[in-house]
Amino acid sequence: MPLALLALAVGAFGIGTTEFVIMGLLPEVADDLHVSIPTAGHLVSAYALGVVIGAPLLAALTSRMSRRTVLIGLMALFVAGNVLSAFAPGYDSLMAARFLSGLPHGAFFGMGAVVATTMVAPERKARSVSLMFLGLTVANVVGVPAATLMGQHLGWRATFLGVSAIGLVAIASLALLIPHDHAHAPVVGLRRELAALKSLPVWLALGTTVAGFGALFSAYSYITPMLTDAAGFADGSVTLLLALFGVGATVGNLVGGRLADHSLRGTLFGGLTSLAAVLALFPLLMSTEWTAALAVVLLGVAAFVTGSPLQLMVMEKASAGPSLASSANQAAFNLANAGGAWIGGLALAAGFGATSPAVAGAVLAVLGLGVAATAATVDRRRAIPGRERVVATHVPEQAGALHS
């Protein structure tokens, strides 16, 4: 695997850290800016809104630019957003800075996934995407706890300055390790990118992402009350348990990338089935502390086994113009975050119990399986060659073209 993937992983690490660390610093931010914690919670939504808007918009605006230049520019925008967050004088300016920080998120992962797959042989595409996403999962194990600790002891503004420093390291890594690709990456253009996005298989792949990761976030958004109210853990133990989720996600991400290179669709179906089973068993697993800890790890593994396959599926269905579709898939991940949390909240509000969001998530996972099965049927009817992996053939990028 080329070292350039390390540069992408560093960028993903910084993005993952800034996305999730705000959740652990809401009390400090609320106290400093003299707002309520629920009001401070809107900062999470501002970032997510930036991701959803920025992913397709920036991908479209940069469709004729060098991918290397785009990645560096997106990371520079990320640094600017975090620096502005650190020096925001008030709540409104912090909201705007968080929105700005979210804008490059989806486009970076979308473009990064395209670049990652062009630097490796066809049989290693999924693994290359999983190695980029490794930065995101490791951020949940190391970056978020460390940044939260920094914010609690040095102030929340120090956290955003620290994340900005990670962004600068990522820019240096991208400039040093990503090859100049003007001569190798085809200029696709916005019209071709939009045409690729009109394909029904692309939208079915995006729908699978929304349903599959909506299943995860239906449960994960309410994992703390499950662990404390159902499993009986003390509040102070939750941070460690969330780190266990990050460990599971890291393992699932790596395993999913390797398996998907052998069977993309098989890995997707297996991951969604495992996710549905784990979530359905949550009411039973949350009955004791050790099984609850196991459930948290298994949730991370089962959910992130599907991460790389879903990203690669979207890219290959839109192989004539993959950058916009790849970025749109990141917007789909964030829609899944918001939608899953909403559905899990409905289950709680209906009085079905602390573990009911997980059961609702199991239903969403089954829905994701249904969408994936529909996509497979559409593929067969369109006479796609009878292989489990659909490899893009009409984008003239050779496996080793970017090694020079």
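Here the structure is a predicted model, which means the values were calculated and not measured. Atom set for the values below is all heavy atoms of this structure, side chains included, hydrogens, waters and symmetry mates excluded.
The shortest side-chain heavy-atom distance between V247 and V297 does not fall under the 4.5 Å cut-off. With contacts defined as side-chain heavy-atom distances shorter than 4.5 Å, the pair T118/R67 qualifies. Counting heavy atoms from C-beta outward, F233 and L241 have side chains that approach closer than 4.5 Å. A 4.5 Å side-chain heavy-atom check between I171 and M75 finds at least one atom pair inside the cut-off. The closest side-chain heavy-atom distance from V129 to T117 is below 4.5 Å.
Between the side chain of T69 and the main chain of M65, no donor-acceptor pair closer than 3.5 Å is present. Judged by distance alone, with hydrogens and angles left aside, the side-chain atoms of N82 form a donor-acceptor pair with the main-chain N or O of F78 at under 3.5 Å. Under a 3.5 Å cut-off, the side chain of T18 and the backbone N or O of I15 do not form any donor-acceptor pair. With hydrogens and angles disregarded, no donor-acceptor distance shorter than 3.5 Å links the side chain of S218 to the backbone of A360. The backbone N or O of Y47 lies less than 3.5 Å from no partner atom in the side chain of R98, so there is not a single donor-acceptor pair. A donor-acceptor distance shorter than 3.5 angstrom exists from the side chain of S326 to the backbone of G110, with no hydrogens or angles considered. Between the N337 side chain and the G214 main chain, no donor and acceptor come within less than 3.5 Å of each other. Of the possible polar contacts, none joining the R127 side chain to the L254 backbone as a donor-acceptor pair under 3.5 Å is found. Checking side-chain atoms of T208 against main-chain N and O of L204 turns up a donor-acceptor pair under 3.5 Å. Judged by distance alone, with hydrogens and angles left aside, the side-chain atoms of T267 form a donor-acceptor pair with the main-chain N or O of A260 at under 3.5 Å.
Counting heavy-atom neighbours within 6.0 Å of R258 CZ, excluding the residue itself, gives a total of 12 or less.
Considering OH of Y220 and CG of L299, their distance stands at 9.0 Å, rounded to 0.5 Å. The CD1 atom of I53 lies 4.0 Å from the CG atom of L49; values are rounded to the nearest 0.5 Å. With rounding to the nearest 0.5 angstrom, the CG atom of L298 is 9.5 Å from the OG atom of S274. Atom CZ of residue F13 and atom CD1 of residue I166 lie 5.0 Å apart, to the nearest 0.5 angstrom. A distance of 9.5 Å separates CH2 in W156 from CG in L161, rounded to the nearest 0.5 Å.
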Assess whether side chain to side chain contact (heavy atoms under 4.5 Å, CB included) is satisfied between K317 and D379, documenting all intermediate values. CA-CA 10 Å; K317 297 302 180 186; D379 282 353; 2.4 Å; yes

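Aromatic ring pairs are classed by plane angle as parallel below 30°, tilted from 30° to 60° and perpendicular above 60°; the pair H105 and F109 is tilted.
For the side chain to side chain contact (heavy atoms under 4.5 Å, CB included) with L310, the qualifying choice from T306, L312, V314 is T306, the only one to do so.
Shown here for V359 and P283, the closest heavy-atom pair between the two residues is CG2-CG, 3.8 Å. Minimum interatomic distance between S101 and P104 (heavy atoms only, all atoms of both residues): O-CD, 3.2 Å. The minimum heavy-atom distance linking L272 with G212 is given by the pair CD2-CA, 3.8 Å. Between A116 and L8 the shortest heavy-atom distance is CB-CD1, 4.0 Å. When all heavy atoms of F133 and S308 are compared, the closest pair comes out as CD1-OG, 4.0 Å. Residues A354 and P225 share a closest heavy-atom pair of CB-O, 4.4 Å.
Aromatic rings of F304 and F213 (six-membered ring for Trp) have centroids within the 6.0 Å cut-off, being under it.
No hydrogens or angles considered: a donor-acceptor pair under 3.5 Å links the side chains of T291 and T288.
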